[in-house]
A.B. asks: 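Pasting in a structure now, in structure tokens, and then I'll have a few things to ask.
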Amino acid sequence: MVQIITNLIGIFKPRVTRCAEEGRQSFKDLDTVAIVGSPNVGKSVIFNALTGRYVTVSNYPGTTVEVSRGRGRFDGKDYGIIDTPGAYSLFSITEEERVARSIFLEERPKVVVQVVDAKNLERMLPFTFQLIEAGLPLILNLNIMDEAEKLGLSIDVGKLQQQLGIPIVETIATKGKNIDELRRRIASYSPKNLKSNIVSYDKDIEKALEKIESHLTFEYRLSKRSIALLLLLGDQELIEVVSAEEKDNYRKIQKVVDKTRGKYSHPLNYVITVERQKVASEFCDRVISLGKIQKAGFREKLSQLTMNPWTGFPLFLLIIFGFYEFVGVFGAQTSVDFLEETVFGEYINPFVTRWVCSIIPWQVLQELFVYDYGIITLGVRYAVAIILPIVATFFIAFSIIEDTGYLPRLAMLIDRAFKKIGLNGRAVIPIVLGFGCDTMATMVTRTLETKRERIIASILLALAVPCSAQLGVILALLAGNAKALWIWIAVMSFIFIFIGYLASKVMPGEKPLFYMEVPPLRWPKLSNIFTKTYTRVEWYFKEIFPLFILASIFIWLGKITGLFEVIVRLLEHPVQWIGLPKESAVAFLFGFFRRDFGAAGLYDLKNTGILTGVPLVVSVVTLALFLPCIAQFSMNIKERGLKTALLMAGFIFPFAFLVGGLLNLILVGLGVSL
Amino acid sequence: MKLSDTAEEILETLWISQEEKGNIETSLKKIALDGNALLELTKIGYISVENDKIRLLDKGKEYAQSTVRRHRLAERLMVDILQLKADLVNKTACQFEHILQPGVEENVCVLLGHPKLCPHGKLIPRGKCCLESKWIVEASVKSLTALNPGQAGKVAYIHTGDDKKLQKLMVMGVLPGMGICLLHKLPSYVFQIGHTQVAVDKEMASDIYVRLEK
């Protein structure tokens with residue numbers, strides 16, 4: 001049974017993973033170039049420039065969750081380019097770092113390009129040292145040179161190149177500057193002996209390294225010195241690999257590690273990192289000279305205002321208001337009205353209906369395409385006329401906010417509040433994205449650090465974060481009834497906080513810690529906003545469009561077989577228990593496919609006058625608490641596992657009706673009239 | 001009243017055994033035997049000896065705790081400020097704790113910014129100065145949480161008890177000697193280190209100790 005469900009759901013499996021795997025296949029006989037570096041230094045921009053492909057770029061650390069692969073052609077030769085998630089160090093603690101490192105351990109890149117933010121060279125150089133120590137074929141790419149220059153930094157590239165013993169290329173990737181030079185350097189790269197002892201450590205550590213190296217017999221992809229260092233640091237994953245390869249020898253290594261550890265009062269990780277940083281700072285003193293610093297400009301002042309609580313929260317409200325005006329009013333009302341009533345209502349629907357009826361004589365088949373639930377008149381109309389404008393405007397607004405670098409600031413403002421519901425500030429990105437598309441947001445929850453946070457975020461997304469499509473329909477439903485709208489907002493916020501709080505109390509696991517780089521505020525680039533919105537809307541459509549068609553077909557099948565009738569009849573009971581007219585059962589049936597489908601069903605009922613006042617609010621609240629859609633459910637299975645996903649669904653549907661019922665009792669009991 | 005060094009050692013061992021490990025009494029075998037010191041302690045009612053078991057009495061607890069506190073503070077001083085290597089730390093700290101008189105100990109505590117843990121990750125019993133969270137104006141080392149926005153200095157040290165936290169701070173560039181400036185305290189801590197701005201919560205911020213610039 002479980003197998004059948006998984007198979008069925010496999011139909012809706014997100015495409016992203018398949019792409020990554022396909023990529024690896026087609027790379028087999030190509031030389032590869034791996035792009036590595038800390039989060040938010042522009043790795044993805046470099047990747048896009050080298051491949052001509054597009055992966056999402058944003059001014060938010062940790063956006064690349066998966067390894068992207070593409071082909072690049074320079075100097076008449078094809079290369080496989082690999083973009084890795086942000087990593088600060090070879091010593092891996094986060095999921096992203098493990099993924100990035102596995103590229104070195106499992107594949108043998110011909111060239112490794114480390115992208116660094118030039119102004120933060122001092123902080124990023126220790127990672128460069130590690131890559132050199134590991135004996136990887138390294139090119140150092142000093143990116144975002146424009147920001148470094150603004151700060152008055154000038155870097156003596158020739159000197160640095162000579163001291164590190166590796167090629168260095170300066171770029172401003174967002175402006176495409178010097179990318180050709182980077183291509184040339186990659187194509188002409190010739191491996192040479194790297195200074196694997198670029199950093200010499202304290203003598204006790206050096207002694208230990210020498211001993212460990214002498215015990216290593218297997219040929220690893222990384223240099224012995226690098227492996228020895230990682231063993232000293234206590235890297236769990238590597239310990240497993242090495243102990244499996246070296247067998248008895250490993251015990252000797254373990255002894256050396258333990259003995260060395262005993263010699264220092266601090267963890268070795270700290271001692272080694274401090275020494276590397278010392279060398280990095282010395283390097284920077286030699287090659288970086290400080291020129292005239294431009295005064296803190298408008299951007300920096302604005303940046304501080306966004307983080308100051310007195311100005312930060314009002315600014316946040318202002319942004320929400322702007323968001324509402326653009327998505328809620330322009331997208332969900334103006335554009336939807338035009339597409340729905342004018343384009344579809346006056347042109348497409350009548351035309352298609354006439355055309356279908358003229359070529360298909362059987363009414364049963366006609367109904368598959370047109371009339372109330374037809375593929376074109378319901379499925380396509382709904383996807384194109386209602387969903388498209390809302391989702392597109394949402395993603396435009398979201399991309400702008402994302403690219404300015406505002407989200408980390410929001411994370412900083414909201415961290416304390418999020419801690420109360422078991423999350424930390426970092427969770428703003430999946431939660432805010434959830435207001436666009438819960439499916440996409442559920443995928444992004446994997447950037448959260450602990451399993452506990454990932455589960456809490458998934459529950460909240462599935463239960464209490466309405467996606468843009470649904471928000472649009474709900475705003476239209478409750479438009480002109482401010483009291484009803486506020487009741488809905490209040491109930492949803494309460495459920496969000498209450499369930500989050502409860503989950504944080506019940507769920508075991510570590511307490512979340514908040515730490516995040518705050519990137520400079522940047523002007524979003526129009527072309528990037530456009531491509532990003534386009535890829536997201538495209539993703540969204542490929543993900544959901546088949547579902548709309550499928551839903552239309554299911555409904556049609558259900559209708560002609562009578563199954564539809566039976567389920568609606570069954571659903572009439574719970575619907576009536578929570579005080580709704582039994583006609584609304586149909587809407588709730590749609591709601592199992594997508595909750596906004598259901599909301600659209602309610603919309604029709606409202607227009608015919610069947611649904612008003614208290615029952616209207618109750619039905620909107622109940623439906624809003626449903627699972628977002630089948631695609632989101634399958635994403636939940638993929639990310640959280642079948643058991644957790646089923647448990648969530650098993651909780652969510654009864655809970656939605658329970659809340660609806662309670663709300664009905666309260667509103668009726670208080671005699672609220674809407 | 002100042003006890004002999006050996007007596008202080010005994011009290012320290014007993015306190016750790018009873019308060020931290022939860023033993024009710026301690027076997028005599030675990031104690032460096034010194035008849036005089038034991039006699040000294042029984043006389044003033046700090047300990048009781050029965051057969052081969054010793055017990056720390058309520059009356060002696062305060063003194064014992066202050067000895068442990070002095071030892072661990074001394075360790076912090078050795079490691080963070082004097083940068084002694086591990087094999088030397090314990091021995092030196094043992095001698096140092098006896099020299100640290102109450103009052104002087106308070107100064108060391110203030111100087112170190114009221115550290116919470118010793119370098120081995122054990123709790124340092126709080127002193128009066130910590131509870132009042134006393135800062136001398138010229139206190140050279142303060143926890144980042146005790147700074148006001150706009151204050152700058154260099155990172156003196158970071159708490160190294162929790163590996164994950166430590167690694168996170170280190171990769172952000174928070175390492176001894178790096179210049180640091182606090183920008184915001186509310187609702188989260190934001191500081192500038194090098195050319196990077198980093199936002200952290202209170203738990204992470206309180207692990208960073210800063211030597212202020214005059």
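Quick caveat: nothing in here was measured; it's all calculated off a predicted structure. Here is the naming used below: chain letters follow the sequence lines, and residue numbers restart at 1 for every chain.
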A.B. asks: Chain B heavy atoms under 4.5 Å from E147(A): which part of the residue, side chain, backbone, both or neither?
C.D. replies: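 Interface part for E147(A): neither.
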
A.B. asks: For N424(A), which atoms come within 4.5 Å of any heavy atom of chain B: side chain, backbone, both, or neither?
C.D. replies: neither

A.B. asks: Could you go step by step and tell me if K168(B) and E449(A) meet the salt bridge (charged side-chain N to carboxylate O under 4.0 Å, His left out) rule?
C.D. replies: CA-CA 12 Å; K168(B) 283 169 190 161; E449(A) 214 161 323; 2.8 Å; yes

A.B. asks: Below 4.5 Å from any heavy atom of chain B, which atoms of S89(A) appear? Answer side chain, backbone, both or neither.
C.D. replies: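 For S89(A), the contact with chain B is made by the side chain alone.
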
A.B. asks: Around atom CZ of R211(B), are there more than 12 heavy atoms from other residues, nucleotides or ligands closer than 6.0 Å?
C.D. replies: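 Atom CZ in R211(B) is not crowded, with 12 or fewer foreign heavy atoms closer than 6.0 Å.
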
A.B. asks: Just give me the residue among V200(B), D201(B), V190(B) that pairs up with chain A most often, heavy atom to heavy atom, under 4.5 Å.
C.D. replies: D201(B)

A.B. asks: Is it the side chain or the backbone of Y157(B) that comes within 4.5 Å of chain A heavy atoms, both, or neither?
C.D. replies: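 For Y157(B), heavy atoms of backbone and side chain both lie under 4.5 Å from chain A.
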
A.B. asks: Side chain, backbone, both or neither: which part of L153(A) has a non-hydrogen atom closer than 4.5 Å to chain B?
C.D. replies: side chain

A.B. asks: If we ignore hydrogens and angles and just use 3.5 Å, is the side chain of Q151(B) paired with the main-chain N or O of N148(B) as donor and acceptor?
C.D. replies: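 At least one qualifying donor-acceptor pair exists.
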
A.B. asks: Is it the case that over 12 heavy atoms from other parts of the model lie below 6.0 angstrom from the NZ atom of K278(A)?
C.D. replies: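 Not buried by this count: 12 neighbours or fewer within 6.0 Å.
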
A.B. asks: Where on H184(B) is there a heavy atom nearer than 4.5 Å to chain A: the side chain, the backbone, both, or neither?
C.D. replies: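 Interface part for H184(B): side chain.
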
A.B. asks: Where do K259(A) and D204(A) land on the salt bridge (charged side-chain N to carboxylate O under 4.0 Å, His left out) test, with the steps shown first?
C.D. replies: CA-CA 10 Å; K259(A) 215 176 118 199; D204(A) 283 321; over 6 Å; no

A.B. asks: Check the pair R72(B), E20(B) against salt bridge (charged side-chain N to carboxylate O under 4.0 Å, His left out), reporting the backbone distance first and the verdict last.
C.D. replies: CA-CA 14 Å; R72(B) 292 184 180 165; E20(B) 287 185 344; 2.9 Å; yes

A.B. asks: Tell me, yes or no, whether the heavy-atom count around I24(B) atom CD1, taken from other residues, nucleotides or ligands under 6.0 Å, exceeds 12.
C.D. replies: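 No, not enclosed.
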
A.B. asks: At a heavy-atom separation under 4.5 Å, does S281(A) approach chain B through its side chain, its backbone, both, or neither?
C.D. replies: side chain

A.B. asks: What part of L186(B) is in contact with chain A, defined as an atom under 4.5 angstrom from a non-hydrogen atom: side chain, backbone, both or neither?
C.D. replies: both

A.B. asks: For the pair K43(A) (side chain) and G37(A) (backbone), establish whether a donor and an acceptor sit closer than 3.5 Å, ignoring hydrogens and angles.
C.D. replies: yes

A.B. asks: Given a strict heavy-atom distance threshold of 4.5 Å, which part of F313(A) is in contact with chain B: side chain, backbone, both, or neither?
C.D. replies: side chain

A.B. asks: Which of the residues L169(B), L183(B), L175(B) is involved in the greatest number of heavy-atom pairs with chain A at under 4.5 angstrom?
C.D. replies: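 That would be L175(B).
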
